[in-house]
Protein chains: 2
Amino acid sequence: MNPLPSHPQGDGNMPAGASGSTAGAGNLPTFSPLYQQIKALLTQSLQSGEWKPGELIPSEVELAARFKVSQGTVRKAIDELAAENLVMRRQGKGTFVSTHHEERAHFRFLRLMPDAGVPHHPDNRILDVARRSAPAEVAQLLDLKAGDAVIYIRRLMLFDGAPTILEELWLPGAIFKGLTAERLDQYKGPMYGLFESEFGTRMIRASEKIRAVGADASAAELLGVAAATPLLFAERVSFTYGDKAVELRRGLYLTAHHHYQNDLS
Amino acid sequence: MNPLPSHPQGDGNMPAGASGSTAGAGNLPTFSPLYQQIKALLTQSLQSGEWKPGELIPSEVELAARFKVSQGTVRKAIDELAAENLVMRRQGKGTFVSTHHEERAHFRFLRLMPDAGVPHHPDNRILDVARRSAPAEVAQLLDLKAGDAVIYIRRLMLFDGAPTILEELWLPGAIFKGLTAERLDQYKGPMYGLFESEFGTRMIRASEKIRAVGADASAAELLGVAAATPLLFAERVSFTYGDKAVELRRGLYLTAHHHYQNDLS
DNA sequence: TAGTGGTCTAGACCACTAT
DNA sequence: TAGTGGTCTAGACCACTAA
């Protein structure tokens, strides 16, 4: 069956043209190019878990047959997904669902780099895991209702043994049910990898606001610096498919021997 | 004349295929797809000033005829240039060379946003303009020799009347000959616009390293805060075509009512 | 109405990977 | 050798803009 709601194509001999198809007869009058509709369908399959992180998705020819469009149209849809880092193309092998269990993904969201030397993976020390009800401000940023259950995590990250990042995380309780300190302690690697594997929630985009602040007594002690030491403060909201917020993260970065790297273009 | 060094195409009836053409007979054995070669040629025309910022470039069909390739190949080349913000496509009108004289370009490189309200253009107050010889560190970042002539600029930027950014700039003297305090004072709008219009040097990419620091006496006074107030410190190196460094900028940002906005993907 | 970029198709061949 | 993504062509029609 054709999963596309009536796009103007007949026997396959007549080009469809760029006519943005309408959604059925008398339905929503949404117009969009065919490849965008294909892209949306592919995204749905990613979101639903039909194709899981790290897995191979069907080939372009197979998808073209399934959707009854040309390979070029499927290709353009996948091109955009690849540009958004949702999938990865590998010539000769196929197209794979992106995963946070890859070296290259690790440092795309960890922007703190050493001033000298090569980037290392930090050691994590979980300080706190607790189930709480969301404060108003947290609830608003996570698109929850104030008082909804959230999981609160506090951790210290050490680079080469030196405490460098102090982070607080708030996660929607409904999604991350059963996340305990033990599981966090056992887990090696980036937290987004755990979220993806254990909770089926893959972070795909984030928005950060960065400021400079002075260390309070608690942060100063944990980071091993004097009180009022200037720290970089980053507030991050992460989103999964459908622009759904799934994490609020507030980090204090010690930038004595590290810097936040950003490339503008 | 065919500006492409012998790509394997005959009478125009035989598809060229994806064979990366060699550069002439017995020349550099560099292989690259046709569209990448076209892209390089287009970039040359941008760099040389054949098409100036804001201007319309030739249409896809005209370029296809000029280079003796199909329109689809030209299209793919231009697609990449558009993705890199070197050109802007406008349906029905044509493809235009990007320019810093556009609203949308202003805030792509000015990442400091007000915590509340809409972004405003800052007022600039030039504090200092001087011709100097490049310190070793500056020379290294700008890919100059230590002692080479550089232009040093110091300025204060005010948002809604409040001093918020204190910046130092180092520019290669050879490129920005004749840049005076008067011209900087007279000029309204982003400095990159002036660089582009008056000096034919267009910034297209930048790399920033960000830290938190405490305000020294001088910065504190100019920004109207107490000494040791935490400030965000951003060191930026800007590049023009060919990854040539053309600016070193060091800014201190007061983040009491503003934040550095960054989107990760 | 003419010209531009935007979409879509169909078919060819290439480069790479695995069997 | 078969299958995958990558490149290239040729031609059609659509959406938008301006004269």
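So you know, we letter chains A, B, ... as the sequences are listed, proteins then strands, and number each from 1. Values reported hereafter were calculated over all heavy atoms of this structure, with side chains retained and with hydrogens, waters and symmetry mates removed.
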Exercise. Under 4.0 angstrom, heavy atoms only, what part of the nucleic acid is A:Arg75 near: base, sugar-phosphate, or nothing?
Worked result: base
Exercise. Nearest of D:dT7, C:dC16, D:dT9 to any side-chain atom of A:Gln91?
Worked result: C:dC16
For this session: Round to the nearest Å and state the distance from B:Tyr35 atom OH to D:dG6 atom C1'.
Result: 8 Å
Problem set entry | N or O in side chain of B:Lys93 less than 4.0 angstrom from D:dC16 OP1/OP2 | no
Seminar exercise, completed: From CZ of A:Phe67 across to C1' of C:dT9 the rounded distance in Å is 17 Å
For this session: Please report, rounded to the nearest Å, how far the P atom of C:dG6 is from the NZ atom of B:Lys76.
Result: 16 Å
For this session: Tell me whether the OP1 or OP2 atom of C:dT4 has a side-chain N or O from B:Arg90 closer than 4.0 Å.
Result: no
Problem set entry | Nucleotide C:dG3, atom P - distance to CG of B:Leu63 in whole Å | 16 Å
Exercise. CZ of A:Arg89 versus C1' of D:dT7: gap in Å, rounded?
Worked result: 12 Å
For this session: Quickly work out the B:Gln71 CD to C:dT9 C1' distance and round it to whole Å.
Result: 15 Å
Problem set entry | Along DNA chain C (nearest heavy atom to each residue), the more 5'-positioned of A:Gly72 and A:Gly92 | A:Gly72
Problem set entry | Whether A:His258 and A:Phe159 hold their rings parallel, tilted or perpendicular, with breakpoints at 30° and 60° | tilted
Problem set entry | Rounded distance (Å) that lies between atom P of C:dT4 and atom CD1 of B:Ile57 | 12 Å
Exercise. Just to confirm, is there a sub-4.0 Å distance from OP1 or OP2 of C:dG3 to any side-chain nitrogen or oxygen of B:Ser59?
Worked result: no
Problem set entry | Side-chain H-bond candidate by donor/acceptor type, A:Gln261 with B:Ser207, under 3.5 Å | yes
Problem set entry | Contact under 4.0 Å: B:Thr73 side-chain N or O vs D:dT7 OP1/OP2 | no
For this session: State which residue, out of A:Leu171, A:Asn124, A:Leu169, fulfils the side chain to side chain contact (heavy atoms under 4.5 Å, CB included) condition with A:Met191.
Result: A:Leu169
Exercise. Below 4.0 angstrom, N of the basic side chain to O of the carboxylate: do A:Glu84 and A:Lys39 qualify?
Worked result: yes
Exercise. For DNA chain C, what string of dots and brackets results from 5' to 3' when Watson-Crick and G-U pairs need both distances under 3.5 Å, crossing pairs get [ ], and pairs with another strand get |?
Worked result: ||||||||||||||||||.
Exercise. Is there side-chain contact between A:Gln47 and A:Leu42, with at least one heavy-atom pair below 4.5 Å?
Worked result: no
For this session: Quick one: sort the A:His100 and A:Tyr192 rings into parallel, tilted or perpendicular, breaks at 30° and 60°.
Result: tilted
Exercise. Tell me: CG of B:Leu81 to P of C:dG5, nearest whole Å?
Worked result: 13 Å
Exercise. Looking at C:dT9, D:dC8, C:dT7, which one has an atom nearest to any side-chain atom of B:Leu34?
Worked result: D:dC8
Problem set entry | Side chain of A:Ser70 - closest among C:dT7, C:dC8, D:dT4 | C:dC8
Exercise. Taking the side chain of A:Val69 as its heavy atoms from C-beta onward, which of C:dT9, C:dG5, D:dT7 lies nearest to it?
Worked result: C:dT9
Exercise. Can you find a side-chain donor-acceptor pair between B:Tyr35 and B:Asp79 that sits under 3.5 Å?
Worked result: no
Seminar exercise, completed: The single option from A:Arg249, A:Lys209, A:Glu167 that satisfies side chain to side chain contact (heavy atoms under 4.5 Å, CB included) with A:Arg236 is A:Arg249
For this session: Using only side-chain N and O atoms of A:Thr95, determine if any of them is under 4.0 Å from OP1 or OP2 of D:dT4.
Result: no
